[in-house]
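These notes concern the structure reproduced below.
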Number of protein chains: 2
Amino acid sequence: MIRTPLTQRLGLKHPIIQAPMALAAGGKLAAAVDSAGGLGLIGGGYGQSDWLEDQFRAAGNNAVGCGFISWSLAEHRDLLDKALGHDPKAVMLSFGDIAPFAGKIKARNIPLIAQVQTVWEALAALDQGADIIIAQGAEGGGQGLKRATFTLVPEIADNIYRLGSQAILCAAGGIADGRGLAAALGLGADGVLVGTRFWAATEALVHPNMQDAAIRATGDQTIRSTVMDMARQRDWPEGFTARVLANDFIDKWHGREAELAEKIDIIIPQYQKAWEAGDIDMANVFVGEATGLIADIQPAAEIIASMVEQAEKIIRKQQGFIQ
Amino acid sequence: MIRTPLTQRLGLKHPIIQAPMALAAGGKLAAAVDSAGGLGLIGGGYGQSDWLEDQFRAAGNNAVGCGFISWSLAEHRDLLDKALGHDPKAVMLSFGDIAPFAGKIKARNIPLIAQVQTVWEALAALDQGADIIIAQGAEGGGQGLKRATFTLVPEIADNIYRLGSQAILCAAGGIADGRGLAAALGLGADGVLVGTRFWAATEALVHPNMQDAAIRATGDQTIRSTVMDMARQRDWPEGFTARVLANDFIDKWHGREAELAEKIDIIIPQYQKAWEAGDIDMANVFVGEATGLIADIQPAAEIIASMVEQAEKIIRKQQGFIQ
């Protein structure tokens, strides 16, 4: 077992948080992660209130948390109240200003997790009293900005130290196995947030065609773009892009966004249909560069067990390097 | 001391290679790194034959190597012969096909180091018999592609293992202190290649204004672009970008490359003049995201000593996490 300030603060067995991936991370996945000793987070997504209720129900008696997209939550403020009504183990906020929500979460003594993509955002989140900072690099799947995990984590660690803050720091983006966990600890993180590896779990709400494509891909085949969110009508703020596997749709539209915007009324229903059918030539597989490290679809419990076992082995092996 | 297959293969004290940064990495820096127990590499640059001779002379009796930009070396093939005439400790090739040069280097029994930016390129370099693969993430300073260090290193490690290759693997991009070294070892690397931290060494050939700007910056302020190489008349192949500190020049031209191309005859001499004068509003500071981890200009020997000391401390501390 690997014990860190993160496991102590949240009462976890392992310093592993499962990313609240919109649509993919439902109650079943979050519950499996909780049962296995990590922190499971339901993906609060884009304002689907009924779906969120269903997923808390699917999590059963497990102690799971919930994550929201801050700019979207600002348009669906009742969702936070609904989530708080389930007495979540933690609430995570990503992508946007957390100030409108931080007070309400902290007033309930629920751990507030803020995912940030820059040093600047980390400082803002610390100022709002975030208990846990997730430093997310752009190698991660789905939405993000530009900084890389390898430098963002230690630079935020330096700022937490400089401010005398008691905040806990986790690394996100590119972590899919025990090597990523060991490296994150080396960079100064107290734990990791894992997306793509849990997206490729048996409990994830992901079309099997998409999971099959992910385990065959290398990280070289991923790309950051905005055209998928145009086709899905997700109105992300300027600057954000999402990492996906490149496919025919990317080849056709990436770099031709203005033309896509003109034809978007035709594209939207086509994309929706392709998504539901698992047509991976048109619909995109939302995974990070770590897709190249994933060779099979596993239950969340096995993912966690092998990640921790491998990290322990690496940490022990590194002792032998010192002479 | 940290001993790995890299230190054994090259007879180094520390598993640290200094990046052969064009223009910045001269003989004095490479010699200082060699004296301190790392591998120092003169930056072979863009075909300046006299400069290269001067730098080998400046390295004195130290055992230093040399690094070339492969696509540029193809236009100045005599440079490799000149470098080999100095019996370099190693030759590193980056950015482009190494096939035209690999045979000549290996025939002399000089260790061949290939820096790659994708898994695909790593496979090609292994096929050409590279002894050491440097997996370079896009968080690094100067030229690069898109993959991040955090995922590129383990994915290439998996491929080296799968092929049964004896090649040694190093991580590059984002490594500026002992945390980066410890993390790279955790990801499966046998050592690190360090650019920006040595660029900010007292021995580097860098204008003091630029070094001053770098130690004040955060990694958030860096950006990948092509406009600097347009202004410097460096004709990099499609796809490559360089990471620099954003400045007035970037604000004005990044994203307006076609317009810059039209005015380039006026811009080129202005940029050259700004470069020589250390005018950092126009000329760019070529550093990676790790600039946010660097707070002072140090001699190379101190950089190496503190990097190794910090990594050892981290590796020992991590033992305490296992329970």
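Keep in mind that what you see is a predicted model, and the values were worked out from it rather than measured. Proteins get letters first, then strands, A, B, ... in listed order; numbering begins at 1 in each.
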Among [options], which has the most heavy-atom pairs under 4.5 Å with chain B?
{"options": "A:Arg3, A:Gln117, A:Arg147, A:Met1", "answer": "A:Arg147"}
{"options": "A:Asp158, A:Leu145, A:Leu152", "answer": "A:Asp158"}
{"options": "A:Ala148, A:Ala182, A:Ala176", "answer": "A:Ala148"}

Donor-acceptor check, side chain of [X] to backbone of [Y], threshold 3.5 angstrom: yes or no?
{"X": "B:Gln310", "Y": "B:Val308", "value": "no"}
{"X": "B:Thr196", "Y": "B:Thr291", "value": "no"}
{"X": "B:Asp177", "Y": "B:Gly180", "value": "yes"}
{"X": "B:Asn247", "Y": "B:Phe249", "value": "yes"}
{"X": "A:Gln128", "Y": "A:Asp97", "value": "no"}

Next on the checklist: Heavy-atom pairs under 4.5 Å with chain A: which of B:Lys146, B:Glu289, B:Glu139 has the most?
Outcome noted: B:Glu289
Item to check | Shortest non-hydrogen separation from B:Leu126 to B:Ser165 and the atoms involved | outcome: CD2-OG, 3.7 Å
Item to check | chain B contact residues among residues 211-228 of chain A, heavy-atom distance under 4.5 Å | outcome: A:Thr218, A:Gly219, A:Asp220
Item to check | Close approach to chain B in residues 311-323 of chain A, criterion heavy atom under 4.5 Å | outcome: A:Glu312, A:Ile314, A:Ile315, A:Arg316, A:Gln318, A:Gln319, A:Phe321, A:Ile322, A:Gln323
Checklist entry - Which residues satisfy the side chain to side chain contact (heavy atoms under 4.5 Å, CB included) test with A:Ala171, sequence neighbours excluded? => result A:Thr149, A:Val153, A:Ile175, A:Ala184, A:Ala189
Checklist entry - What residues form a side chain to side chain contact (heavy atoms under 4.5 Å, CB included) with A:Ala183, not counting sequence neighbours? => result B:Phe150, B:Ala183, B:Leu187
Are the side chains of [Y] and [X] in contact, using a 4.5 Å heavy-atom criterion?
{"X": "B:Trp253", "Y": "B:Glu259", "answer": "yes"}
{"X": "B:Leu10", "Y": "B:Ile132", "answer": "yes"}
{"X": "A:Arg197", "Y": "A:Gln298", "answer": "yes"}

